[in-house]
Amino acid sequence: MSNGWFETVAVAQRRAKRRLPKSVYGALVAGSERGLTIEDNLRAFGELQFAPHVAGHHAQRKLDTTVMGIPVSLPVIISPTGVQAVHPEGEVAVARAAANRGTIMGLSSFASKPVEEVARANPNTFFQVYWSGTREAMVYRLDRARAAGAKGLIATLDWSFSNGRDWGSPWIPERLTLKAAMRFAPQAVLKPSWLIEYLKTYRVPDLTTPNLAPPDGGGAPTFFGAYGEWMSTPPPTWDDVAWLREEWGGPFMLKGVSRIDDARRAVDAGVTAISVSNHGGNNLDSTPASIRMLPGIAEAVGDQVEVLLDGGIRRGGDVAKALALGARAVMIGRAYLWGLAANGQAGVENVLDILRGGLDSAVLGLGHSSIEELSPADFAMPATFRRDFGGDEVAEPAAAPRRTPSAGRAKPATPRTKPEPAEPRPDDQVALGNI
C-alpha cells in the first residue's frame, strides 16, 4: 500500500530485507553458530495449539497491565537493542512509536541515540546496562539515566560472546571512514530508498554509543570499542547483581534468565522483575526457546517478582501463549526493528498494532474478557515441550500458574541445586531465510 502499511510482521521482515543493505539486514537477523536457538524460538510457539470456544464471547476485552509499576495499554514492551542503523531516527523513532501506542521503551546502553533524547520522546523509558567497565563508570551511567528520567533499569547479563555464524557474519565497520564508506558503497547504492533517508539528514549512520561516553566529556566509544570494554570486564557475581540493583534504587529487571535456580537467586538479589530470555539466539546456540523455559520459572518465582518473556514473538497469539504460561508481558526485538526498517516510526506502530490485534483476537476466541484469564487450559501443550533447568522437580505440562495481577517485592527463596536435564531435540535443518 502507498502508506507503507503491512499486515504481518513477516511482511515487515520481507520489506526490511528488500530495503536494507545486505550487511545491515544480516546484523538484524543475527543468531549464533548453527542458529538452532533462533529457529526454536519461533517453532516452539507453533507447538502450542489453541482450543477456542464457538460462542459466549465477550464484546469488550481488557488488554492493559503494568510492568514494574508503569501502566501499559498492551502487555508488549520494547526490548533494548544495540545501534539501530536501519533508520536515521533510530531509537528516537521507536520511542515515539511506543509512546503513541501506550507502552514502554527499552533503551540499550549500546544505542545510537542518547538517553536524554529518548526519554523526552517517551517518558516511560527503561535504561539497559551490561556489566561493563569499572563500578565508578557504571554508577555514572546509572546517574545519567536517572537524571534523564529513566523509570527502570534492565540489566542484561546472559551473553557469553558466542558470535560465530555458520552462514557468515555481516561486515560492519568500526567507523564509517572514507575507506569503509567506499567498501560499503556497493551495498548502499543497491538500496536507494535506505540511502536517500540518510542523505536527507546530511549524515552517515552513527556507529558510536553516546550513552557510554565518559564523565570527563570525551567522545563516545564506537560500538566495537564498547564491546571490547564489555568483553574485558570480569563477569559479575550475584553480589554484583545485588549491588547494581541497590545503586539504581528503583524498578530493576534482570534480563536473560533461563534457569529456575538463577530465577530464585535473582529474587534473593532483590530484583523487581526477570526476563526469561536466550538473547534472541545470540548466545549459547542450542539453548531452548525462551517459551519452553517460562512455565517452570513462572511457577517458581512468579508470586514474588514479575516475569517477562523475550524471544520469538511475531504474532499476538504468541503474546497470548506467553501470558497463559505465566508471563506478565513480553518484550520484542527483531519485530520492531523490521517495522522501523520498513516504514520508520509508523512501521513500529504498525508492528505494535499487529500484536495488539492478534492478542485481542486470541482473547476473544478463547472466550475471555481479559488477559488475566489466560491459562494453560486455553491450548494443548506437548508432554515434551517444557525445559525446567535448575529445578529439583519437573512439573506436569499443564501445571503452569494463572497470571497474577501484581507481584510484590522480592522475598528470600530457598536455593535448589539439583538440575534437571533438558529433553533431547532432533538435529533439524535451520531455515535461516525464515527467521
Side-chain angles (χ1 to χ4, degrees), residues 66-70 77 79-80 104-111 114-116 118-119 123-159 209 211-215 226 229-230 232-277 279 297 300-308 310 328-329 331 390 406-416:
T66 61
V67 176
M68 297 207 300
I70 303 297
I77 72 172
S79 190
I104 292 163
M105 171 69 185
L107 177 69
S108 173
S109 56
F110 279 28
V115 62
E116 292 82 2
V118 173
N124 292 327
T125 291
F126 292 168
F127 186 66
Q128 177 267 352
V129 295
Y130 295 99
W131 187 260
S132 179
T134 65
R135 283 195 172 195
E136 290 76 14
M138 289 184 233
V139 169
Y140 171 72
R141 294 162 190 166
L142 300 189
D143 289 345
R144 177 181 169 186
R146 189 184 299 109
K151 294 183 177 177
L153 190 74
I154 302 173
T156 303
L157 305 179
D158 65 328
W159 202 11
T209 54
N211 294 307
L212 298 179
E229 178 192 71
W230 183 18
S232 62
T233 304
T237 65
W238 282 106
D239 286 341
D240 290 328
V241 174
W243 172 84
L244 190 63
R245 191 271 304 163
E246 185 68 25
E247 281 295 327
W248 175 249
F252 182 100
M253 180 190 302
L254 182 63
K255 185 175 181 290
V257 176
S258 61
R259 296 173 56 98
I260 294 169
D261 50 2
D262 279 353
R264 288 178 171 135
R265 291 186 181 106
V267 170
D268 291 341
V271 307
T272 313
I274 60 174
S275 172
V276 179
S277 170
H279 213 94
I297 291 172
V301 302
D303 61 341
Q304 299 170 80
V305 295
E306 297 179 6
V307 179
L308 286 81
D310 189 341
R328 185 173 191 79
M331 306 174 77
S406 62
R409 191 48 137 161
K411 302 174 184 177
T414 303
R416 305 300 210 277

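Nothing fancy with the numbering, it's 1 onward along the sequence.
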Kindly indicate whether the side chain of V115, heavy atoms from C-beta on, has any atom under 4.5 Å from the side chain of R141. no
Under the salt bridge (charged side-chain N to carboxylate O under 4.0 Å, His left out) rule, collect the residues that match up with E116, sequence neighbours excluded. R144
Point-to-point distance, once rounded to the nearest 0.5 Å, from CG of L244 to CG of D239: 12.5 Å
Atom pair OG (S132) and CG (L157), whose distance is rounded to the nearest 0.5 Å: 11.5 Å
Does the side chain of I70 reach to within under 4.5 Å of the side chain of I77, using non-hydrogen atoms? no
Please report the closest heavy-atom contact between G133 and T233, naming both atoms and the distance. N-OG1, 2.8 Å
Return yes if some donor-acceptor pair links the side-chain N/O of D262 with the main-chain N/O of V257 below 3.5 Å, else return no. no
Side-chain donor/acceptor of T237 to backbone N/O of D240, under 3.5 Å: yes
Residue set satisfying ring-ring contact (aromatic ring centres under 6.0 Å, His included) with W238, at least two apart, ordered chain then number -> none
R264 side-chain N/O to V301 backbone N/O, donor-acceptor pair under 3.5 Å: no
Quiz question: by atom type and distance under 3.5 Å, do the side chains of R245 and T272 form a donor-acceptor pair? no
Check whether E247 reaches the backbone of V139 with its side chain - one donor and one acceptor, N or O, closer than 3.5 Å. no
Would you name the heavy atoms of Q128 and T156 that are closest together and state the gap between them? NE2-OG1, 3.0 Å
Ion pair check, D143 and R146, cut-off under 4.0 Å: yes
Closest heavy-atom contact between A145 and W248? CB-CZ3, 4.4 Å
Taking C-beta and beyond as the side chain, do M331 and S277 meet within less than 4.5 Å on heavy atoms? no
Parallel, tilted or perpendicular: which one describes the rings of W230 and Y130, with boundaries at 30° and 60°? tilted
Inter-residue atom distance L142.CG - S109.OG, 0.5 Å rounding: 10.0 Å
Which atom pair, heavy atoms only, marks the closest approach of S275 to M253? CB-SD, 4.0 Å
Tightest non-hydrogen contact, residues G302 and V307, listed as CA-CG2, 4.0 Å
Are the side chains of P114 and N211 in touch, meaning some heavy atoms are under 4.5 Å apart? yes
Tell me, do V118 and F127 make a side-chain contact under 4.5 Å, heavy atoms counted? no
Which pair of heavy atoms, one from S79 and one from K255, lies closest together, and at what distance? OG-CE, 3.5 Å
N124 meets the side-chain hydrogen bond (donor to acceptor under 3.5 Å, both in side chains) criterion, sequence neighbours left out, with K151
Heavy-atom side-chain proximity of M138 to W131 below 4.5 angstrom: yes
Nearest 0.5 Å please: distance from the CD1 atom of I154 over to the OG1 atom of T125. 10.0 Å
Interatomic distance, CE@M68 vs CZ@F126, rounded to 0.5 Å, equals 4.0 Å
State, with a plain yes or no, whether a side-chain heavy atom of V305 is found less than 4.5 Å away from one of L254. no
